[in-house]
Amino acid sequence: MHSPYGMELVEDCLSCKLCSEGFFCHLPKSVMQAFQPLKFTLAYPAGATLFVEGQTCRGIYILCKGRVKLSATSKEGHTLIFKIAQPGEVLGLNAAVSGISHETTAETGQPCQLNFVKRDDFLKFLTEHGDACMHAAIHLSRECQQAYQHLRSFVTTSAPERIARLMLDWSQDDSRMATAHGIKVALTHDEIGQIIGMSRETVTRTLANFREQRIAKIHGSTLLIQNMSAIQKLAGA
Amino acid sequence: MNSPYGLPAECLTCHLRPGNFCCSLSRESLEALKQIKHATVFPEGAVIFVEGQLPRGIFMLCQGQAKLSTTSRDGKAFILRIATGGEILGLDAVVTGKPYELTMETMQPSRLAFVNREEFLRFLKEHGDACLQAAQHISRDCHDAYEAARLIALSHSIPGRVAKFLLASATDGQGTNGVVCARLALTHTDIAQLVGTTRETITRTLAEFRKKGIVEIRASTLIIHNKPALERLVAA
């Protein structure tokens, strides 16, 4: 089958291989069968906007494949990136459940596969299926905790500390890979600055310092952590 | 019944019942909740839980006020928000089983109902309406966290942040001839920790506001003389 953006679309949630532990869609089979008719499988190119902050929520998007950037912008045009969503995350869950308008803007960073569910359908689904509702609560709690941690990092001032923490976060999944061969970080200095709430210049300077001191270097889109203990010390972990 | 600080102690007959979590549950769920909760009364300044601590359970704030704060490694405190009656605290930690992210401290004598983690999770599994309410509650918490992050990271002017905070505090205030009065029982240190700056900056900013005749704080009353000026500061 010819598929858009060279990506194979998985239409059937029940036989989907993308889904794994920790995914929102990792639900008991009977619940999954009820979920199947509610969702629309969509493919988006990179740079597509799924929803904009302030917009009324139409529904939720389950990210099956790809990366999505969640950000907010101030009146002066400063941007703050809350997070880069990974596959398995639900986008707009917060707004769908609370009924408040979206507080973030979601923009795809790569070609993505998403499952869209209309808000009314989704709320009905949650009311009928306790398991799914509990899943939603866990998902929301995690999002909430990430937001608290993000917030705490703004209260600390030092740029090296913030960047070291970010690197630790990135290397969390595979720290051996990060120290031996490097992990992929497809972000510009500008975007890194928007994640940690600092200017592009500060990020560039701090990263140059890290390279000089042989702590970590970013080459192209690959991050190689040369001195893990120094990073951990800087991050206070 | 005589209760400490004159606070009521029964969920089903509670006359407080503001439109929040447990208070808007079905009668059946409320009965089940009654079996597992322990009502307690805390004095002012009691620390209920501390960030980093493993979650023992949830605390429903039935009446009173509590501040939710977080501290950075270099000791700077930041108050995320002031919780009021009807809110549930520690919900995200209990649901995920990860340590509490925030520290909760009462600001007035408060009546709290405690529910043990295992019992609460079982209660959510058995009562669909409660689970949905819990999810809604967490999503509102999440919304507040995003708002706070946006306030700190994106709005750089301190007068703007203070103005935004004062306007938010005065939403339920009473207005006559364009002058709005509201209760604001917070110290300058509290306000500083709420908007993410130092006590000195708050004192200076408030003094400037008073000099310009925009806002005045008398004891624990906030008096806004010139609301449009505050709104302009927020928009700037």
Side-chain angles (χ1 to χ4, degrees), chain A residues 53 70-82 93-104 123 126-158 161 165 194-198 235-237, chain B residues 51 55 68-80 90-102 121 124-157 160 193 196-197 234-236:
Chain A
E53 55 177 306
L70 293 167
S71 63
T73 312
S74 72
K75 283 193 192 113
E76 304 97 79
H78 293 289
T79 305
L80 171 68
I81 299 179
F82 282 111
L93 183 59
N94 205 6
V97 172
S98 65
I100 310 171
S101 54
H102 287 291
E103 57 263 288
T104 54
L123 289 181
L126 288 190
T127 340
E128 284 164 9
H129 301 275
D131 289 23
C133 192
M134 200 64 201
H135 254 65
I138 292 174
H139 231 82
L140 279 167
S141 301
R142 265 194 231 140
E143 190 176 334
C144 201
Q145 286 167 347
Q146 281 169 355
Y148 289 148
Q149 283 158 11
H150 205 149
L151 198 60
R152 182 153 46 234
S153 73
F154 291 132
V155 189
T156 48
T157 37
S158 116
E161 185 180 329
R165 271 193 192 196
Q194 288 167 0
I195 294 177
I196 59 170
M198 299 221 141
Chain B
E51 60 177 298
L68 290 167
S69 62
T70 174
T71 313
S72 70
R73 211 154 50 89
D74 44 7
K76 270 194 215 161
F78 174 73
I79 302 179
L80 187 75
L91 197 52
D92 54 302
V94 162
V95 169
T96 56
K98 288 198 191 134
Y100 290 117
E101 288 287 342
L102 303 169
L121 289 180
L124 287 189
K125 284 209 183 86
E126 284 164 10
H127 299 271
D129 61 331
C131 193
L132 197 63
Q133 288 273 346
Q136 275 169 352
H137 200 286
I138 301 168
S139 66
R140 274 196 300 268
D141 288 348
C142 217
H143 178 79
D144 289 340
Y146 282 134
E147 283 296 307
R150 184 203 295 266
L151 178 74
I152 294 215
L154 290 180
S155 121
H156 294 293
S157 108
Q193 291 173 354
T197 180
V234 173

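Proteins get letters first, then strands, A, B, ... in listed order; numbering begins at 1 in each. Computed over heavy atoms, backbone and side chain alike; hydrogens, waters and symmetry mates excluded.
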**Asked** Between B:I138, B:V94, B:L80, which has the largest tally of heavy atom pairs under 4.5 Å with chain A?
**Response** B:I138
**Asked** Can you tell which of B:L121, B:T96, B:L132 has the highest number of heavy-atom pairs within less than 4.5 Å of chain A?
**Response**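 Sorted descending by pairs with chain A, the first entry is B:T96.
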To the nearest 0.5 Å, how far apart are [atom1] in [X] and [atom2] in [Y]?
| X | Y | atom1 | atom2 | value |
| --- | --- | --- | --- | --- |
| A:I138 | B:D92 | CD1 | CG | 12.0 Å |
| B:Y100 | B:L91 | OH | CG | 10.5 Å |
| B:Q136 | A:L123 | CD | CG | 7.5 Å |

**Item:** Polar side chain donor-acceptor pair, B:S69 to B:Q193, under 3.5 angstrom
**Value:** no
**Request:** Using non-hydrogen atoms and a 4.5 Å limit, figure out which bit of B:E51 sits close to chain A: side chain, backbone, both or neither.
**Result:**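 Side chain of B:E51 only, per the 4.5 Å heavy-atom cut-off to chain A.
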Scan the side chains in residues 141-148 of chain B for donor-acceptor partners under 3.5 Å anywhere in the protein, sequence neighbours excluded, and list what turns up.
{"residue": "B:D141", "atom": "OD1", "partner": "B:R81", "partner atom": "NH2", "Å": "3.0"}
{"residue": "B:H143", "atom": "ND1", "partner": "A:E103", "partner atom": "OE1", "Å": "2.4"}
{"residue": "B:Y146", "atom": "OH", "partner": "A:E143", "partner atom": "OE2", "Å": "2.8"}

Most heavy-atom pairs under 4.5 angstrom with chain B, which of [options]?
| options | result |
| --- | --- |
| A:G130, A:C144, A:A136, A:A96 | A:C144 |
| A:S98, A:S141, A:A147 | A:S141 |
| A:H129, A:Q146, A:M134 | A:M134 |

**Item:** Contacting moiety of A:I100, where chain B heavy atoms sit under 4.5 Å
**Value:** side chain
**Request:** Let me know if A:E53 has heavy atoms under 4.5 Å from chain B in its side chain, its backbone, both or neither.
**Result:** side chain
**Request:** Using side chain to side chain contact (heavy atoms under 4.5 Å, CB included) as the criterion, list what pairs up with B:K125, not counting sequence neighbours.
**Result:**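 With sequence neighbours excluded, B:K125 shows a side chain to side chain contact (heavy atoms under 4.5 Å, CB included) to no residue whatsoever.
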